[in-house]
Amino acid sequence: MKKILIILSLAIALLSTTGCNKDKPDEGNDPGIIQILKAKSGTVNLSASEKTSGLDINQDFLITFNSSLDTNTVRINVVIRADDNSLVNCQYSYEDDLRTIVLSPLADLDFSSDYSLAISANIKGKNKETFSGITYLFATRTGILKVDTITLNGANFKPPVTLKDIAIKNATIVIDFSQALNPSTFQAAFSLSGSPTLNYALSNENRRVTITIQSELSGYSRYSFLISSGLVSANGLAFEGFSNAFYTTVDETPKFPLITDEELLTLVQEQTFKFYWDYAHPSCGMSRERFGSGDIVTIGGSGFGIMALMVGVERGFVTRSEVMTRMAKILTFLETCDRFHGAWPHWINGSTGKVIPFGSNDNGADLVETAFLVQGLLAFREYLNTGDPSEQSLANRITTLWEGVEWDWFARGGTTLYWHWSPDKAWVMNMQIRGVNETLICYVLGIASPTHPIPDNSYKAGYMQNGGVVNGKTFYGYKLPIGYDYGGPLFFAHYSFLGLDPRNLQDQYVNYWEQLTNHTLVNRAYCIANPKNYLGYGVNCWGLTASDNQSGYNAHSPTNDLGVITPTAALSSFPYTPTESMAALKYFYYTLGDKLWGAYGFYDAFNPTVGWWAKSYISIDQGPIIVMIENHRTQLVWEEFMSNPEIGTALTKMGFTY
């Protein structure tokens, strides 16, 4: 029994010893293995089973293991080799408690090339774990040639940057490319609009191109710089192309000899007068709608032109006899051409006298255009010498035309006038004439009519909307008693006031001289502020109104600013802003005259921001220049129009002092 107990005790002791040592490995036991959890370049995962394509050439490689590494075994056992087996020099760093190797090539890899990332079996874990080894095959993406930096006269020239006020002489463009260029072929890819002479230089291992513009550029112009997509790097990489534009500074050199201010005013009037004298329709003497409009003559523009004829006589551009002959031709046409309830259409064929539709529903009377014409006719009637039988005859004919306009028809039994009517469309356009805009003269003439008057309260109820047009707000320090915020386009301050004298014109709502002067000053102040950062706007370059533009025609204003300056806006404002308008006139003529001055005076408009300069002349823009400059100088047209007895009577009925 004792022997049995001893044997059992020895067995238990042996078992206990074995159990206590089972977690202790012998020195010769296997320490385990490490595994790769992921391998990637940038954001692209590398595949162990197939070549990974399209890798960027400048990304780090990250290899993440399931446990920490012995970093002493990494550098010689984790390498990138090119297709020719050459070693890619890399920087090694570690993340995630030594679990991730960050392999950073010291130089960009080559485009469109094959590489291998080899991790040998000699790499070890921190606790001597082993690794079986692996090789990843990859290829870099097809390369493209890029513009790294580009400067013009030292300033960044990469889009969306657009540079302004670039000197017209010795401008320099410097482009740094991502790859070297071929010295024998690169120049053909570069161009600058206007084809100035360019000098090229390569530097920085043929990656930098320095272009010196040797020709003198045009002032105040837009230039487009292009690099063709046909450019190829020395190692064959394609280029996607490049384009940007810049604007040159104004060439301040006077384009014409300096003359006195009075001589300049006369010159502008005389040159502009030629549009109405030399370019008038040969059959009827009326003003054409615009330069190049053929048989289309304009009723409103002809009214402006009739007032210009008076200026032409007084300034000696033509003789009084010549003007009387021209006026007789115009009156004959007006007596026989299409009319509708005494009103004329907007456009008429100057050869046939038949209406030319202004729109699909606008093929009859246009009361606003008619009012502009009658304003001119009445001013001219007072200019005539009734002691001369031939001139008295013209006056009588004007009276007959004036008294034939059925203003009351266009009120439709109420106190608001309507703009359009036609025999087949009737009132379909249904456009009421309401203020505040260019149409005040319609109500003055409608109430003044001795034969077809509209109610005396039509001005207040219709045009002024019983005070609904009152504004009273201040813009750039100038108060606008009535009308739109910022005043609207400047032709609102011109068309009705070519004959109607606003200097002392006041009613319960507004002092018109204050309104028109401040409207002009707000327009100018907006251009000086230039909130949209258009090229060219400034203290001497201002004026937003209806005119042509690069896309067609529009009524430009501070609330509809398309970058277009229209000379008539500032020049027709001479009575309101003589100092500011004279500064603008000198700028338009002396500084911009090489682009802006032509056979009939100033071209209609310009937009240097998009490199657009009109070559057009429009009658309703040209006429106010002549007439309002004369009203500034002598008040000629104001005095003649206001001498009509019907006008004074009407203004009194309307509640005006004047």
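As a basis for the values below, the full set of heavy atoms in this structure was taken, side chains included, without hydrogen atoms, waters or symmetry mates.
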Leu231 side chain reached by Phe177 side chain, heavy atoms, under 4.5 Å: yes

Side-chain heavy-atom pair Trp613, Leu592 within 4.5 angstrom cut-off: yes

Atom pair CG/OG of Asp251 and Ser218 - distance to nearest 0.5 Å: 9.0 Å

Show me the donor-acceptor pairs within less than 3.5 Å that the side chains of residues 98-107 make with the rest of the protein, sequence neighbours left out.
{"unit_1": "Arg99", "atom_1": "NH1", "unit_2": "Asn66", "atom_2": "O", "d": "2.5"}
{"unit_1": "Thr100", "atom_1": "OG1", "unit_2": "Thr64", "atom_2": "OG1", "d": "2.9"}
{"unit_1": "Thr100", "atom_1": "OG1", "unit_2": "Asp96", "atom_2": "OD2", "d": "2.8"}
{"unit_1": "Ser104", "atom_1": "OG", "unit_2": "Asp60", "atom_2": "OD1", "d": "3.0"}

Rounded distance (nearest 0.5 Å) linking atom OG1 of Thr71 with atom OH of Tyr94: 5.0 Å

Any side-chain heavy-atom pair of Leu55 and Leu46 under 4.5 Å: yes

Cys541 side chain near Phe588 side chain, heavy-atom distance below 4.5 Å: yes

Between Tyr590 and Phe256, ring centroids under 6.0 Å: no

Check against side-chain contact (heavy atoms from CB on, under 4.5 Å), Ile565 and Leu544: CA-CA 6 Å; Ile565 298 293; Leu544 308 180; 4.1 Å; yes

Verdict with supporting geometry, Tyr526 and Tyr537, ring-ring contact (aromatic ring centres under 6.0 Å, His included): CA-CA 9 Å; Tyr526 172 87; Tyr537 286 27; 7.1 Å; no

Check: Ser557/Thr559 side-chain N/O donor and acceptor closer than 3.5 Å: yes

Test of ring centre spacing under 6.0 Å for Trp542 and Tyr587: no

Closest contact, heavy atoms only, Met628 versus Ala493: CE-O, 4.3 Å

Stepwise side-chain contact (heavy atoms from CB on, under 4.5 Å) check, Leu490 with Ser573: CA-CA 8 Å; Leu490 272 180; Ser573 298; 4.1 Å; yes

Minimum heavy-atom distance Gly601-Tyr617, with the two atoms named: O-OH, 3.2 Å

Under 3.5 Å: donor-acceptor pair, side chain of Asn349, backbone of Ser351: yes

Any side-chain heavy-atom pair of Glu369 and Phe358 under 4.5 Å: no

Thr140 side chain vs Asp110 backbone, donor-acceptor pair below 3.5 Å: yes

Residue pair Tyr478 / Ala525: nearest heavy atoms and the distance that separates them: CE1-CB, 4.4 Å

Main-chain N/O of Glu50 paired to Ser47 side chain as donor or acceptor, under 3.5 Å: yes

Gln622 side chain vs Tyr600 backbone, donor-acceptor pair below 3.5 Å: yes

Asp485 CG to Lys473 NZ distance, which is reported to the nearest 0.5 Å: 3.5 Å

Any donor-acceptor pair under 3.5 Å from Thr545 side chain to Phe491 backbone: yes

pair Leu198-Thr212: side-chain heavy atoms closer than 4.5 Å: no

Step-by-step side-chain contact (heavy atoms from CB on, under 4.5 Å) determination, Phe574 to Leu585: CA-CA 10 Å; Phe574 252 100; Leu585 170 55; 4.0 Å; yes

Backbone N/O of Phe304 and side chain of Tyr495: donor-acceptor pair under 3.5 Å: no

Sequence-distant partners of Arg290, salt bridge (charged side-chain N to carboxylate O under 4.0 Å, His left out), two or more places apart: Asp548

Exercise: do Thr577 and Thr520 side chains pair donor with acceptor under 3.5 Å: no

Under 3.5 Å: donor-acceptor pair, side chain of Tyr92, backbone of Val78: yes

The single option from Asn523, Asn549, Asp561 passing side chain to side chain donor-acceptor pair (under 3.5 Å) against His556: Asn549

Backbone N/O of Pro196 and side chain of Ser215: donor-acceptor pair under 3.5 Å: no

Side-chain donor-acceptor contact under 3.5 Å, Asp362 with His346: no

Near-ring test Phe61/Phe138, centroid separation under 6.0 angstrom: yes

Closest heavy-atom pair and its distance - Phe291, Phe275: N-CE1, 4.0 Å

Donor-acceptor under 3.5 Å (Gln271 side chain, Gly598 main chain): yes

Minimal non-hydrogen separation, Pro489 against His519, with atom names: O-CE1, 3.4 Å

Ring centres under 6.0 angstrom apart (Phe65, Phe131): yes

Pairing of Arg207 and Asp176 as salt bridge, 4.0 angstrom limit: no

Parallel, tilted or perpendicular: ring planes of Tyr200 versus Phe186, cut at 30 and 60 degrees: perpendicular

Euclidean distance, Leu145 CG relative to Leu181 CG, rounded to 0.5 Å: 6.0 Å

Residue pair Ser221 / Gly219: nearest heavy atoms and the distance that separates them: OG-O, 3.0 Å

Centroid-centroid under 6.0 Å between Trp597 and Phe602 rings: yes

Validation row: Tyr136, Tyr115 side chains within 4.5 angstrom (heavy atoms): no

Verdict with reasoning, Phe190 to Ile173, per side-chain contact (heavy atoms from CB on, under 4.5 Å): CA-CA 11 Å; Phe190 297 84; Ile173 301 172; over 6 Å; no

Value rounded to 0.5 Å, distance of CZ in Phe225 from CZ in Phe246: 9.0 Å

Lys124 side-chain N/O to Asn122 backbone N/O, donor-acceptor pair under 3.5 Å: no

